[in-house]
Amino acid sequence: MPKRYWLMKCEPSAYTIDDLARDGKTCWEGVRNFQARNFMRDTMQLDDGVLFYASNADPSGVTGVARIARTGYPDHYAWQKGHKYYDAKSTETEPVWFMVDLAFVERFPITVSLATLKTTRGLEEMKVVQKGSRLSVQPATKAEYQTVVRLGRKMQSTTS
DNA sequence: GCCAACGTTGGC
DNA sequence: GCCAACGTTGGC
């Protein structure tokens with residue numbers, strides 16, 4: 001099975017690429033959208049590439065790269081009464097919500113801002129640049145992934 | 001902080 | 001099954 005590529009959003013107030021660099025690995029709990037869940041539960045594979053996207057940030061954009069370190073498994077936070085991700089519809093025998101683990105790969109020297117993504121040739125079809133695109137877990141193509149990674153490393157290569 | 005776009009819920 | 005109301009996301 002060929003490697004797949006993704007973009008995953010997170011608000012900096014919740015988690016950042018620096019947090020991931022520090023932790024090395026983290027579980028991606030709290031996704032409560034069926035489409036995003038399906039990607040995590042059914043489609044993501046070990047070592048898939050993930051563009052780490054900071055939403056509601058200044059500026060919003062891709063701040064680095066992660067990889068899938070563990071494929072879909074039940075989000076146990078949904079079972080913890082009182083937890084902000086608690087959902088009575090999800091049980092241990094019939095889990096509704098799933099998560100994956102991400103491992104840190106690299107932090108870009110600069111944020112590849114949404115504005116940059118929107119004006120970069122080859123990224124016109126990317127989900128995140130479409131108007132009203134709120135899905136927090138989105139598939140990306142290999143070409144899109146490689147283009148964004150190149151942009152993220154650009155500053156480093158041109159200043160060295 | 002505003003508000004457009006979207007997903008979900010619930011009345012009918 | 002329709003659709004209005006509501007809550008959330010997320011750019012600006």
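Atom set for the values below is all heavy atoms of this structure, side chains included, hydrogens, waters and symmetry mates excluded.
- Between S60(A) and the phosphate of dG11(C), there is a side-chain N or O to OP1/OP2 separation shorter than 4.0 Å.
- K131(A) places its NZ atom 11 Å from the C1' atom of dG11(C), with the value rounded to the nearest Å.
- Of the side-chain N and O atoms in K118(A), one or more sit less than 4.0 angstrom from OP1 or OP2 of dC12(C).
- Salt bridge annotation for R153(A)-E106(A): present, with a cationic side-chain nitrogen under 4.0 angstrom from a carboxylate oxygen.
- Straight-line distance from the CZ atom of R32(A) to the C1' atom of dT9(B): 17 Å, rounded to whole Å.
- Here the side chain of F34(A) is nearest to one of dT8(B), dG10(C), dG11(C), namely dT8(B).
- Contact annotation: the side chain of R37(A) approaches that of W97(A) to within less than 4.5 Å [non-hydrogen atoms, C-beta and beyond].
- Put simply, Y53(A) has a side-chain N or O that comes within less than 4.0 Å of OP1 or OP2 on dG11(C).
- The nearest whole Å value for the distance from the NZ atom in K9(A) to the P atom in dG7(B) is 11 Å.
- Remark: P of dT9(C) and CD of E11(A) are 7 Å apart, rounded to the nearest angstrom.
- Look at CG on D58(A): it is 16 Å from P on dG1(B), rounded to the nearest Å.
- Look at CG on L135(A): it is 8 Å from P on dG7(B), rounded to the nearest Å.
- For R134(A) and dC6(B), the CZ to P distance is 8 Å, given to the nearest whole Å.
- One finds no salt bridge joining D47(A) and K3(A) here, because no Lys/Arg side-chain nitrogen approaches an Asp/Glu carboxylate oxygen to under 4.0 Å.
- The separation between K127(A) atom NZ and dC6(B) atom P is 14 Å, rounded to whole Å.
- Under the side-chain contact (heavy atoms from CB on, under 4.5 Å) test applied with V100(A), the options M8(A), R70(A), E29(A), Q45(A) reduce to a single match, M8(A).
- Residue N56(A) places its side chain closer to dC12(C) than to any other of dA5(B), dG7(B), dC12(C).
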